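Report on the structure given below.
Chain identifiers are assigned alphabetically (A, B, ...) following the order of the sequence lines, protein sequences preceding nucleic acid strands; residue numbering begins at 1 within each chain. No experiment lies behind these values; they were computed from the predicted model shown.
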2 protein chains.
Amino acid sequence: MARRTKQEADETREALLNAAERVFLKRGVARASLDEVARVAGCTRGAVHWHFGDKLGLFLALDERLFLFQDELRQALMADGECMKLSRFAEVILVCIARLEHDEGRRRLLTVMWQRCEYVDEMAPALERRRRADVAISDVFRQCFEQAMERGELAPYWQPSQAALFLHALMVGFLTEWLRSDAAFSLSDQVRGGLKMFFSCLSGIPPSNAQPTVFATA
Amino acid sequence: MARRTKQEADETREALLNAAERVFLKRGVARASLDEVARVAGCTRGAVHWHFGDKLGLFLALDERLFLFQDELRQALMADGECMKLSRFAEVILVCIARLEHDEGRRRLLTVMWQRCEYVDEMAPALERRRRADVAISDVFRQCFEQAMERGELAPYWQPSQAALFLHALMVGFLTEWLRSDAAFSLSDQVRGGLKMFFSCLSGIPPSNAQPTVFATA
DNA sequence: TTATATACATACCGCCACGTATATATTCAA
DNA sequence: TTGAATATATACGTGGCGGTATGTATATAA
């Protein structure tokens with residue numbers, strides 16, 4: 001019941017975060033009790049308060065996980081300040097989406113943060129993170145589209161910034177519907193189809209249904 | 001303190017709903033107290049319990065308002081089972097969006113239902129309404145695109161159902177970003193631009209920037 | 001006019017969950 | 001070996017909030 005080894009303590013911490021993920025998902029962040037979180041993790045509220053201070057601390061620690069995922073996408077899209085070609089760009093997004101779809105933990109986490117949390121008062125710091133992550137992703141999108149425009153990959157009537165906002169809204173929309181439907185449809189399929197249409201519009205080249213690869217290599 | 005007239009009772013009811021709208025927005029549905037709602041409305045919890053039974057009843061009554069708004073859009077899009085041309089279609093959506101943007105009450109309501117509520121356990125009925133409304137809207141979209149396809153207004157590579165899901169995701173995404181940003185940008189402008197690109201892609205006709213009206217009359 | 005239903009206000013009760021304080025058992029460093 | 005820091009469990013106090021029960025004044029119908 002007391003400090004075993006440092007590693008075991010870390011395992012307790014992880015167990016608590018995993019438990020919080022599930023309990024927040026089931027009860028909602030506001031209605032979830034720390035006691036239930038602790039019991040699901042196989043310990044008591046003492047451990048929660050030791051590791052996270054209070055409920056907000058626990059929530060923010062959990063939120064950190066989502067932040068890491070988002071950053072992962074951002075880095076994948078812009079490995080070294082250099083943007084990839086549009087065709088490759090779409091593929092990277094799809095890989096991230098597919099990973100999300102097949103990782104129950106990520107889905108739980110995203111559901112908690114998007115659908116089971118009332119961003120108000122003390123939750124404000126998390127909302128700020130969300131906003132910054134949104135801006136960061138949109139910025140990466142925009143930079144990629146700007147470089148694509150310079151390379152002549154963009155149909156002339158598209159503005160890079162507008163394309164970025166458009167794409168971002170599209171992704172947020174698909175994700176929101178997917179989470180709301182309780183993953184009732186194949187997210188990958190939806191997004192694949194959506195991206196296909198979007199990118200072909202972007203490039204001004206009609207999509208080729210015959211082609212085996214997902215995107216025309218514009 | 002007691003039954004004045006029937007009309008005054010209805011006014012109390014409306015005042016309570018308006019208060020709930022604001023208090024739920026500020027505190028989140030779960031953390032909001034009925035006492036604060038009542039005080040904001042200028043009465044006590046007695047009135048709340050009389051009119052709505054309990055907290056869930058109050059919430060569902062408020063939710064009804066949003067449902068009405070959504071139905072308004074649905075009816076506007078398909079007045080008499082007949083769908084309009086795509087160009088007009090986009091305009092109707094924009095009118096609804098503009099109305100939402102300039103109606104603080106509607107924005108509050110939508111924010112509460114989309115960003116200040118944890119849909120869990122007893123909130124399930126509201127989530128069901130949300131899902132049904134989503135399906136209903138998507139269905140209207142799909143029907144319109146089907147008829148558009150029959151009229152030859154759709155580029156051949158678009159499937160009506162896919163176009164409907166695409167459009168729906170796009171709208172949900174724009175709205176979500178707008179609400180999350182606390183209405184920091186012009187929703188109408190964003191959506192106008194987005195719809196313009198989307199519908200020109202749909203019809204396979206590049207958008208004409210020179211034209212004064214928003215959409216090419218395809 | 002009076003009884004009854006209505007439209008609230010007030011009072012009371014009970015729970016629950018959070019935070020804190022404290023106890024306790026290990027580990028680790030000296 | 002021992003003290004201090006660590007990693008929990010347990011115990012305690014308490015504030016808030018929701019539901020219900022009840023009080024009460026007014027409208028309305030008979």
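The salt bridge (Lys or Arg N to Asp or Glu O under 4.0 Å) contacts involving residues 49-60 of chain A comprise nothing, where partners must be two or more places apart or lie in separate chains. Sequence neighbours left out, the pairs with a member in residues 124-145 of chain B that pass ring-ring contact (aromatic ring centres under 6.0 Å, His included) are Phe89(B)-Phe141(B), Phe89(B)-Phe145(B). For residues 32-50 of chain B, the pairs satisfying side chain to side chain donor-acceptor pair (under 3.5 Å) are Arg27(B)-Glu36(B), Asp35(B)-Arg39(B), with sequence neighbours left out.
The CG-P distance, from Leu58(A) to dT8(D), rounds to 14 Å in whole Å. Rounding to whole angstrom units, CG of residue Asp10(A) and C1' of dT8(D) are separated by 14 Å. Computed from coordinates, the Arg13(A) CZ to dT8(D) P distance equals 12 Å when rounded to whole Å. To the nearest angstrom, C1' of dG18(D) lies 12 Å from CD of Glu122(B). For the pair Glu11(B) CD and dA7(C) P, the interatomic distance rounds to 13 Å; values are reported in whole Å.
In this structure, of dA9(C), dA9(D), dT8(D), it is dT8(D) that holds the atom nearest to the side chain of Thr12(A).
With sequence neighbours left out, Arg180(A) forms a side-chain hydrogen bond (donor to acceptor under 3.5 Å, both in side chains) with Asp134(B). Glu146(B) meets the salt bridge (Lys or Arg N to Asp or Glu O under 4.0 Å) test with Arg142(B); sequence neighbours excluded.
In the region residues 15-42 of chain B, proximity to DNA chain D at under 4.0 angstrom, judged on heavy atoms, holds for Ala32(B), Ser33(B), Leu34(B). Against DNA chain C, the stretch residues 45-55 of chain A makes heavy-atom approaches under 4.0 Å through Arg45(A), His49(A), Asp54(A), Lys55(A).
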Identify each donor-acceptor pair in which a side-chain atom of residues 107-116 of chain B lies under 3.5 Å from a protein atom, sequence neighbours left out, and give them as a table.
unit_1    : atom_1 : unit_2    : atom_2 : d
Arg108(B) : NE     : Glu21(B)  : OE1    : 3.3
Thr111(B) : OG1    : Arg107(B) : O      : 2.7
Arg116(B) : NE     : Leu25(B)  : O      : 2.8

Please set out all donor-acceptor pairs under 3.5 angstrom arising from side-chain atoms of residues 92-99 of chain B, sequence neighbours excluded.
unit_1   : atom_1 : unit_2   : atom_2 : d
Arg99(B) : NH1    : Glu72(B) : OE2    : 2.2

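Here the side chains of Phe166(A) and Trp158(A) are in contact, with some heavy-atom distance below 4.5 Å.
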